[in-house]
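Beneath this line is the structure, given in C-alpha cells, with notes to follow.
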Amino acid sequence: MTVKAVIFDLDGVLTDTAHYHFQAWQALAHQLGIGFTEQDNEQLKGVDRLGSLRWILAKAHRQLSPEQESQLMQQKNQHYLELIAHMSPADLFTGVQPLFAELRQNGIKIGLASASKNAAMVVERLGIASQFDYIADANNVVNSKPDPEVFLLAAKGLGVAPEHCIGVEDAVAGIKAINAAGMQAIGIGEPNVLNNAIKVYPTIQALKLTDVLEL
Ligand code: BG6
Ligand code: MG
C-alpha cells in the first residue's frame, strides 16, 4: 500500500482526555445510581455523547426523555470541560510532534477524525491545530463510530482515497470505523482489546514513520 495520509483519533491517541471522559461519565453514572467501571468505559471509547449516555442508561434498563438526556449530556460536558480546563501543549503525548514532523517531511498528509464535539478546542489547547491538513469531528457527521463516516469525511477533506489512508485509534469502535472505511487500522493500547487492528502499539510514542511506511 502507498500511504498518502494518516488520520488520527484524538482522545486517548494524541492526549490523555480519554481518562477525563471516563471520570466525567463515571461521576454521572454514579449520580444516577448506575455502576460504571474502566471496563465499561472501554465500550464507550470513541462513542459519541448521546450514544454513551444511552449505553449507561441501558445498563440499568432506563430510558429518559429527550429533555432529560439533553440536560444530563450538558452536565457531563460541563464536568469534562472543568477537568480539561488546565490543558496546554504540555498535555500532548510524547512522540506526537516528531511523528507529525516525519510524516510532513515525507509528504504524508495528517488528518483528525474525532467523535468529540470538543475536538477543535482540544487541538487548539494542545497547540497542534495548524498541523492538521483536515479536521473531521462530531460536529460534521451524523453517524458515530463504529460507522466509518468521520474517517471517510477526513479522507475526502484530505483529498486522499481511503485505500491510501491509515487510521490510528485507541478504541474498539474506532478500529471498526477505520476498517469499515476501507483503511488500514493501527491501534494504540492493548492488542487483546484492539484485536481488529493490523498492528497495535502501547503508546503513540512507540509508533514510528517506518511502521507507517511498512504497511
Ligand atoms: C470520543 C471519546 O472521542 O468523544 C468519548 O472517545 C467521548 O469518550 C466522545 O464520549 C464524545 O465527546 P464529546 O466531547 O463530544 O462529549
Ligand atoms: Mg479515542
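We count ligands from 1, going down the list as the structure has it; atoms in each ligand are counted the same way.
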Carboxylate-amine/guanidinium contact Asp9 Lys45, below 4.0 Å
no

Sort by chain and number the protein N/O/S atoms that are closer than 2.8 Å to the Mg ion (ligand 2), and list them.
Asp9 OD2, Asp11 O, Asp170 OD1

In this structure, are over 12 heavy atoms from other groups packed under 6.0 Å from Glu124 atom CD?
no

Separation between CG (Leu53) and CG (Leu72), nearest 0.5 Å, reads 5.5 Å

Heavy-atom distances under 4.0 Å decide this one: backbone, side chain, both or neither, for Phe22 against ligand 1?
neither

Could you tell me which residues satisfy side-chain contact (heavy atoms from CB on, under 4.5 Å) with Lys176, sequence neighbours excluded, listed by chain and number?
Pro146, Val172

Atoms of ligand 1 less than 4.0 Å from Trp25 heavy atoms?
10 (O)

Lys/Arg-Asp/Glu bridge criterion (N-O < 4.0 Å) met for Arg54, Glu69:
yes

Suppose I only count heavy atoms of Asn118 and a 4.0 Å limit; which atoms of ligand 1 are within that range?
13 (P), 14 (O)

In Å and rounded to the nearest 0.5 Å, what is the CD to CG distance from Gln39 to Asn41?
11.0 Å

Check whether the ring centres of His30 and Phe36 lie less than 6.0 Å apart, and answer yes or no.
no

For atom 9 (C) of ligand 1, state which one of Asp137, Asp11, Asp9, Val47 supplies the nearest heavy atom.
Val47

Working note: Asp11 + Ser114, criterion side chain to side chain contact (heavy atoms under 4.5 Å, CB included); need CA distance, chi angles, decisive distance, verdict.
CA-CA 8 Å; Asp11 297 315; Ser114 174; 4.3 Å; yes

Whether the side chain of Asn77 engages the backbone of Gln74 through a donor-acceptor N/O pair (distance < 3.5 Å, no angle test) should be reported.
no

With a 4.0 Å cut-off on heavy atoms, is Ala18 in contact with ligand 1?
no

Distance (rounded to the nearest 0.5 Å) between Leu14 CG and Ile204 CD1
6.0 Å

For Lys45, atoms of ligand 1 separated by under 4.0 Å from a heavy atom:
6 (O)

Could you find the nearest protein heavy atom to atom 11 (C) of ligand 1 and give me its residue, atom name and distance?
Ala115 O, 3.5 Å

Which is closest to atom 8 (O) of ligand 1 by heavy-atom distance: His21, Met121, Met73?
His21

Atom CG in Leu112, atom CZ in Phe151: separation rounded to 0.5 Å?
8.5 Å

Please state which protein non-hydrogen atom is closest to atom 13 (P) of ligand 1 and give its distance, to 0.1 Å?
Ser116 OG, 3.4 Å

Tell me: protein heavy atom nearest atom 6 (O) of ligand 1, and distance?
Gly46 N, 2.8 Å

Could you check atom 15 (O) of ligand 1 against the protein and tell me its nearest heavy-atom contact, residue, atom and distance included?
Lys117 N, 2.6 Å

Please indicate whether Lys199 has more than 12 foreign heavy atoms, meaning atoms of other residues, nucleotides or ligands, lying under 6.0 Å from its NZ.
yes

Atom indices of ligand 1, in the order listed, that fall short of 4.0 Å to a heavy atom of Arg49
11 (C), 13 (P), 14 (O), 15 (O), 16 (O)

